[in-house]
Amino acid sequence: MIEIRQLSKRYPGKGKTEGLLALDRIDLHIEAGEIYGIIGHSGAGKSTLLRTMNLLERPTEGSIQVAGIELTQLNKKELQQQRSKIGMIFQHFNLLSSATVYDNIAFPLQLVNTPKHKVDAKVNELIRLVGLEAHRDKYPAQLSGGQKQRVGIARALANDPKVLLCDEATSALDPQTTQSILSLLLQINKQFGITIVLITHEMHVIQTICDRVAVIHGGRIVEQGKVVDVFLKPSHAVTQEFIMEENHLGDLSSWVSFKNGQGVHSRIMKIHYLGEVTYEPILHRVLSAAGIEFAILQGTISRMKDVPYGQLIIRMDGKEEALRHAAVALAEQGLEVEVLA
Amino acid sequence: MFAELWNEISWSEVSKASTETLSMLGFSVLFTLLLGLPLGIFLYLTSRSKAVWVQIIHNVLSVVVNILRSVPFIILMIAIIPLTKTLVGTSIGIKGTIPALVLAAAPFFARLVETSLREVDRGVIEAAQAMGASTWQIVRKVLLPEAMPGLIAGLTITAVTLVSYTAMSGFVGGGGLGDLAIRYGYLRYEATVMVVAIIVLVLMVQALQWIGDAFVKRYTRK
Ligand SMILES: Nc1ncnc2c1ncn2[C@@H]1O[C@H](COP(=O)(O)OP(=O)(O)OP(=O)(O)O)[C@@H](O)[C@H]1O
Ligand SMILES: [Mg+2]
């Protein structure tokens, strides 16, 4: 749906200085119907990248195709027409403060001269979709942040876009409201098959709704792939940082130095779960059969979009032999085992 | 004493002069709006362009606007008498003052328009661009409605300024309350009429401000 090749963007500097290379030879391929996340720290180039996807930001070099149409080659009129088919929502909502909820949602329809009765039908349908029936005649100043973003979403969907671009759509919202907006985006993606590209600096947003993710750092994509893969096996330091923040995995040293009684060995292990096995009592079954006691030092059980996963760090106490067998047995049951100490 | 003064005043003259002032004000506000609004929008749009020749046009226009704003009204009025004559055929009376009033007020109003438009949230304009709006659509459906309270406040200030300009135009035979005040108060030493003329002017300014504020309030959504 979106095909970006060797895309670079340099912001011109003052006078003869060479300026700032905000995007550096980006390659990105986004499938129709998927939810694609782009994560990165502040200043990494996320907004710049997203804004090239409707040419709010014109790249210095490279090509960008949306639904098979090369945006950089279009003239003004053609670009305006393409833009009406690409929805966008913003961190600060960017609603018309002088227009009601109804008029804000009707705005993009009026831009393309939609007949009045069609506007009316479409706006009412969208107001119902985003659950703002009680607020249709209110002005943005009278709405909460979450409600404003719902208006933003409804407005972005008015012209039945194929793509929805979300620029930090939940960053100005509290955790609960964030969750409800993310569910709404997921619902829209499922119901209408709209491709969603979202940028964020919060890993949990990616984890909640994205299918694939790209990590951007210093204007370059440093890692990309399925969320499950990137999340569980991060290869780049920046990615690892984001995941660390999410899991709050801290220092283990105090646990490692734990002292045992005579003849009992202990081992610290990290166990990865992925898929339905996460909810099965495998750990208990295997370890109690082997006569091993264990304590959970740290852990997460959660899901990434629809995929359950877990990460436990445990200390196992038992005989040398039993410990070795248990590790093998756990692996046979479909868990991934890593010996830390 | 009071009754004596009261009787001294020629009320028919006062009402005639008030009507003249109101009609000068009405026409000059109308033409100022028609000229100043597009000029202000043009100044705003050209100030954001990256093209060199657009920037040059902007700068030239900007200088012209500043010159017109810094020339004292009374001097401007005399200086453009030839232009006024070719435009409306006379340089005295109500008709004769309107070109000068508009020429003085339109650049002033245009600057106020430009300033109000600048205050419109960049994000909202960007959102409209992202939806595929053309420049004209952005002006009509985003900039003007969003800046409405500021534009009305600007027009109110301009109208109030125009009230004092119309009074000044009395010096060169423009008619209206200013003319009345000069003829009686200055040339005939009849202060009462002058005071009445001033009171009527003050009431007009008050009324304009009151109407303007009411409209600003009606259009403010923040
Ligand atoms: N209009 C501009 N002119 C010059 N430099 C810019 C401009 N916009 C962004 N930049 C620079 O480009 C880089 C990338 O900016 P961008 O806004 O894309 O970052 P971001 O990842 O969206 O950050 P944030 O999370 O803070 O929004 C930054 O270093 C920024 O200073
Ligand atoms: Mg940003």
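In the text below, chain A, chain B and the rest are named by the order of the sequence lines, each starting its count at 1.
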Take atom CH2 in B/Trp11; do more than 12 heavy atoms of anything else shown fall under 6.0 Å from it? yes
Results of salt bridge (charged side-chain N to carboxylate O under 4.0 Å, His left out) for B/Glu13 - residues two or more places apart only: B/Arg183
Within the supplied structure, the quantity of interest is the number of heavy atoms (other residues, nucleotides, ligands) at a distance under 6.0 Å from A/Gln81 CD; does it exceed 12? no
Under 4.5 Å to a heavy atom of chain B? For A/Lys76 that would be side chain
Heavy atoms of other groups near B/Lys95 NZ, more than 12 under 6.0 Å: no
Residue by residue, scan residues 50-62 of chain A and write down, ordered by number, those that have a heavy-atom distance under 4.5 Å to chain B; if none do, write 'none'. A/Arg51, A/Asn54, A/Leu56
Most heavy-atom pairs under 4.5 angstrom with chain A, which of B/Lys141, B/Met148, B/Arg122? B/Lys141
Residue-level contacts of residues 137-166 of chain A with chain B, using a heavy-atom cutoff under 4.5 Å: A/Tyr139, A/Ala141, A/Arg155
Please say whether more than 12 non-hydrogen atoms of neighbouring residues, nucleotides or ligands are located less than 6.0 Å from CZ in B/Phe73. yes
Kindly indicate whether the side chain of A/Asp167, heavy atoms from C-beta on, has any atom under 4.5 Å from the side chain of B/Glu126. no
Taking atom CD1 of B/Ile92 as the centre, does the number of heavy atoms from other residues, nucleotides or ligands within less than 6.0 Å exceed 12? no
Can you list the residues of residues 88-118 of chain A that sit under 4.5 Å from chain B, counting heavy atoms only? A/Met88, A/Phe90, A/Asn94, A/Leu95, A/Leu96, A/Ser97, A/Ser98, A/Phe107, A/Pro108, A/Gln110, A/Leu111
Which answer fits B/Gln137, side chain, backbone, both or neither, if we ask what part of it has an atom under 4.5 Å from a heavy atom of chain A? side chain
Selection from B/Thr220, B/Val142, B/Asp121 maximising heavy-atom pairs under 4.5 Å formed with chain A: B/Val142
